[in-house]
Every structure is written in C-alpha cells, then in structure tokens.
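Okay, structure first, notes after.
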Amino acid sequence: MIALVDCNNFYVSCERVFQPRLEGVPVVVLSNNDGCLISRSDEAKALGFQMGEPYHLARPRLREHNVRVFSSNYPLYGDLSRRVIRVLSEFTPEVDVYSIDESFLNLAGFRYHQPDLAAYAARIRKTVLEHVGIPTCVGVAPTKTLAKMANRLAKKQHERVLTLGTSEQQQAALQATAVADVWGIGRRYGHKLQELGLTTAADLAAMPEGWVRRHLGGVVGVRLWQELHGRPCLDFDPEALEDEPDRPSRRHSVAHTRSFGRPQSAPTVLSEAVASFVARAAEKLRRHGLAAHVLTVLVGTDRHAPTAGPKTYTAVTTLPTATDDTGTLTRAALHRLRQLLRPGTAYHRAGVVLSGLEPAGQAQLGLFTQTPEQLLRNQQLMSRLDALNGRFGKDAVRYAAAGLSNEQWAGRRQLCSPGYTTDWYNLWNIRA
DNA sequence: TCTGGGGTCCTAGGACCC
DNA sequence: TCTGGGGTCCTAGGACCC
C-alpha cells in the first residue's frame with residue numbers, strides 16, 4: 001500500500017507557521033513576479049479567489065475583503081518542506097518526494113495489517129502537524145493514482161485521512177470521483193472524456209484497454225487505467241536516506257527561468273540576466289551532486305500577445321564533458337544567447353535548462369579539455385563560492401558576467417515575508 | 001502597466017549518419 | 001510493379017502535474 005501525504009494550502013500554511021495571527025483569516029500567496037495567485041487559504045477560496053488568477057485583476061477584491069497577500073518566499077517553503085519530509089521518513093524507509101508539498105510513502109510492510117493502516121495514517125498526519133505545524137491530508141491505496149484519489153476524498157472527511165484497502169472501497173471512490181478529477185486527466189482529456197459520455201472515474205475504469213489506448217494518448221492512458229484497477233504502473237522512486245546523503249538525485253533536468261520586471265531588448269542586459277540564471281541553475285546542480293552534459297538557453301517574447309508565431313526560442317549546446325562549473329556553463333550559455341537574440345525584439349523572459357545529467361565526479365574527462373588539476377581547482381572554487389553565498393546571501397560573490405545589479409530585469413516581489421528559518425544573516429540585520 | 005516556475009513524458013519532422 | 005531500416009540530434013509543441 002502507498003500513502004500520499006499532501007500539505008494543505010502549503011505556501012499559506014508556511015506563512016501561518018511564523019505568523020499565527022494569519023490563522024482564520026483569508027490569505028493568498030502570489031507567484032514569482034507577483035503575477036498570479038498560487039496558494040489560497042480556505043477562507044480565500046470561500047471568497048471565490050481562483051487558483052492562477054492574475055493578481056492585477058484580483059487586487060481590488062483582495063483589498064475589499066482585507067485579504068493578506070504575500071509574495072512567494074521559496075527559501076522558507078523549501079525549508080519547511082524538508083522538515084516535513086524528515087518527519088515522514090520516520091514512518092517508512094521509502095519516501096518518494098513528488099513535489100514541494102506532496103510525498104508518497106511506501107507502506108508495503110502493512111499489507112497484512114489493513115485495520116492498522118488508517119490509524120497509522122492518522123498518526124502521520126498528527127506528527128507532521130505537531131512537529132512542523134503544517135496541516136496535511138493522507139490518502140492510502142494500492143497505487144499512486146488511487147492514493148491521489150483517496151487523498152482528494154480525504155479533504156472532505158473530518159479526520160482528513162482515507163484508506164482504500166478493499167476493492168469495494170476502491171470502487172466506491174471511483175464512483176465518487178469525476179473523471180476530470182482523476183490524476184493525469186487534465187483540461188483537454190477531461191472535456192474529451194465527457195463528450196464521449198464518461199462522467200466518473202468508474203466509467204473510465206470500465207472501458208476496455210484498447211479504447212483507453214486509442215483515446216487517452218497511448219501508453220500514458222493505459223498506465224493510468226491500470227493504476228485505477230489497482231495495478232501499479234508508476235515507478236516508486238525513493239529519496240536518498242539521511243545516512244546516504246551523497247547519493248545523486250535521479251532528476252533529469254534542472255532549470256532556472258524568470259520573467260523580467262519589464263521587457264528587455266539590450267543584449268548586455270539579457271546577457272547579465274542569463275549569466276545570473278546560469279549561476280542559480282549551477283548551484284542547484286551542485287546541491288544535488290550532479291553535472292550537466294547539455295545546456296539549453298531560452299528567451300521568450302510576450303506569452304499573452306495575440307500575434308502568431310513562436311513565443312519561446314531555444315538553443316541547445318552539448319558540452320564536451322558534463323560539468324557543474326558556473327564559469328564553463330556561463331561561457332556556453334552566453335555564446336548561444338548571442339546567436340539567439342534578434343535585434344529590436346522585446347523579450348519578456350529568459351532561462352537556462354540543464355539536462356543530460358550525471359553524478360558529478362563521475363563525468364568522463366575530455367581529451368582536449370581540462371586537466372585533472374584544473375578540474376580540482378574549479379571544484380574548490382565552486383565550493384568556496386557556494387559556502388560564501390550560503391553564509392552571506394545569494395550573489396554575495398558572483399561572476400562579473402552577471403553584472404553588478406539586477407534592477408534592470410528583476411521581477412517584482414514586494415510583499416515577501418522574511419526568511420525565518422534560512423536567512424540568519426539578514427534576519428539578524430532586520431532585528432538589529 | 002499588469003497573467004509564474006519547475007518538472008515529467010511523448011510525438012513529429014527535418015537533417016544527418018551508417 | 002517493385003525504391004530499407006535503424007539510429008542520433010535539434011527544434012517545437014502538446015499534455016499533464018504541483
């Protein structure tokens with residue numbers, strides 16, 4: 001059996017941990033650039049605020065209802081997320097971290113003790129709440145897709161926990177779930193399935209496999225259908241345990257992309273922005289113990305403009321050897337950026353994607369690239385860089401290519417709470 | 001004036017290779 | 001009458017997730 005633990009209104013709940021006065025009142029958290037609403041308290045949901053609603057449109061109503069509004073504070077959310085995962089790992093050796101606020105837990109050891117499962121799930125929820133202060137829902141079922149469904153239904157239960165142990169319970173859950181609400185069915189397939197006359201998840205499960213393969217994107221749909229029948233098709237990918245922290249992560253890409261505060265066309269400004277994004281992505285790479293073989297640079301024009309044609313332009317470079325070195329990655333990125341830019345075009349966003357990932361230190365050396373001595377020096381440089389920026393704040397030490405100031409292109413982030421658990425240096429200054 | 005970011009998997013055409 | 005098959009890489013896009 002698999003449990004899915006999902007934090008309720010996660011970003012709002014994180015803000016509440018450090019500002020208890022936010023309990024019981026409507027709260028929302030904005031996306032990067034203060035663009036749209038991405039987390040809402042129950043009170044804000046009850047007032048009709050929608051997920052993804054543009055902030056500038058919602059603003060008058062937010063004021064009218066005296067809703068507390070926060071820019072997103074990822075250092076805070078990331079840290080609380082790690083604390084939640086640490087608590088969860090006390091309940092099973094195998095935690096598959098699905099997102100910042102959701103983890104799957106392998107409860108295989110409980111297969112023959114069904115009645116205990118619900119009590120165990122309730123204990124997980126209670127412990128996370130007591131130790132971290134974040135409320136959760138727990139769904140338990142034989143597959144990830146059914147666990148998601150159980151979790152969804154648990155939100156409506158008083159105990160916030162639901163177990164689908166028997167096939168009768170699973171069938172009842174399938175009937176109680178709209179087909180469009182199944183994990184893996186998005187807007188497009190939701191509409192399509194309804195037009196084909198399916199209403200509930202049970203209707204979908206009852207269709208023949210061939211029909212599902214034809215109408216639901218081939219193998220992807222078949223996997224989903226199998227999972228609804230209780231046959232696991234999605235990998236369970238457990239996180240590295242605390243006693244093996246060096247095990248490299250299995251992710252396939254690392255990205256850093258941002259919208260600008262205002263459109264940019266000057267190549268120098270765009271270069272500095274991209275160099276900054278490379279630095280962020282490379283830090284993430286090193287944090288995960290990875291090196292990248294492939295680098296993609298992208299720039300984007302106005303996504304919401306009605307004009308035809310592509311909105312995103314990408315250029316891919318394959319590096320001679322996989323690397324996590326900011327300098328090497330920056331050179332490659334800026335070289336490709338120059339080829340990508342068109343004079344006079346206003347770009348609204350840019351970014352860097354690193355892929356072809358392999359464990360750092362295991363990378364094949366190139367015959368004509370760096371010597372082991374150079375490599376070692378660069379590694380030492382990067383670990384000093386990370387140590388300094390970890391202590392004094394990001395970009396305390398940076399490459400000159402990233403420029404001295406980001407004020408030209410930085411996004412808006414005007415309503416941010418302090419880094420309560422992470423930013424000791426600045427927090428000390430604030431208090432001083 | 002103002003609409004996010006980071007992921008996953010899959011498909012498809014063109015260019016190129018043997 | 002009859003014109004292969006198996007690959008890679010690049011770019012772009014679709015669909016989905018949180």
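This is a predicted model, so every value here is computed, not measured. Throughout, protein chains are lettered first and strands after them, A, B, ... in sequence-line order, and every chain is numbered starting at 1.
The residue among A:H252 and A:H348 whose nearest nucleotide of DNA chain B lies closer to the 5′ end is A:H348. Mapped onto DNA chain B by nearest heavy atom, A:S259 and A:H56 fall at different nucleotides, with A:H56 at the one closer to the 5' end.
Note on A:L57: nothing from the nucleic acid sits closer than 4.0 angstrom, heavy atoms only. The residue A:Y189 sits close only to the backbone: its heavy atoms come under 4.0 Å of sugar-phosphate atoms, none of a base. Counting any heavy atom pair closer than 4.0 Å across all strands shown, A:K144 reaches no nucleic acid atom. Here A:T318 lies in heavy-atom contact (under 4.0 Å) with sugar-phosphate atoms only. Within the 4.0 angstrom heavy-atom criterion, no nucleotide atom of any strand lies near A:V29. Backbone-only engagement by A:R223 is indicated by non-hydrogen atom pairs under 4.0 Å involving sugar-phosphate atoms exclusively. As judged by a 4.0 angstrom heavy-atom cut-off over every strand, A:V353 is placed among residues making no nucleic acid contact. A:Y55 comes within 4.0 angstrom of nothing in the nucleic acid, heavy atoms only. Residue contacts for A:R59: at a heavy-atom cut-off of 4.0 Å it reaches no nucleic acid atom on any strand shown. At the heavy-atom level, A:R303 lies under 4.0 Å from the strands shown only through sugar-phosphate atoms. A:R262 comes within contact range of no nucleotide atom at all, as no heavy-atom separation falls under 4.0 Å. Across all strands shown, A:D101 has heavy atoms under 4.0 Å from sugar-phosphate atoms exclusively, and none from any base. Residue contacts shown for A:K192 are absent, as no nucleic acid heavy atom lies under 4.0 Å away.
Comment: A:R231 does not engage A:E227 in a salt bridge, judged by the lack of any side-chain N to carboxylate O separation of less than 4.0 angstrom.
Between B:dC17 and C:dG4, the two C1' atoms lie 15 Å apart (nearest whole Å).
Open room surrounds NZ on A:K126; 12 or fewer heavy atoms of other groups in view lie less than 6.0 Å from it. Within 6.0 Å of NZ on A:K394 lie no more than 12 heavy atoms contributed by other residues, nucleotides or ligands.
Judged by Watson-Crick or G-U wobble contacts below 3.5 Å, the nucleotide C:dC9 has B:dG14 as its partner.
Chain A approaches DNA chain C over the interval C:dC10 to C:dC18, counting the first and last nucleotide 5' to 3' with an atom under 4.0 Å from its heavy atoms.
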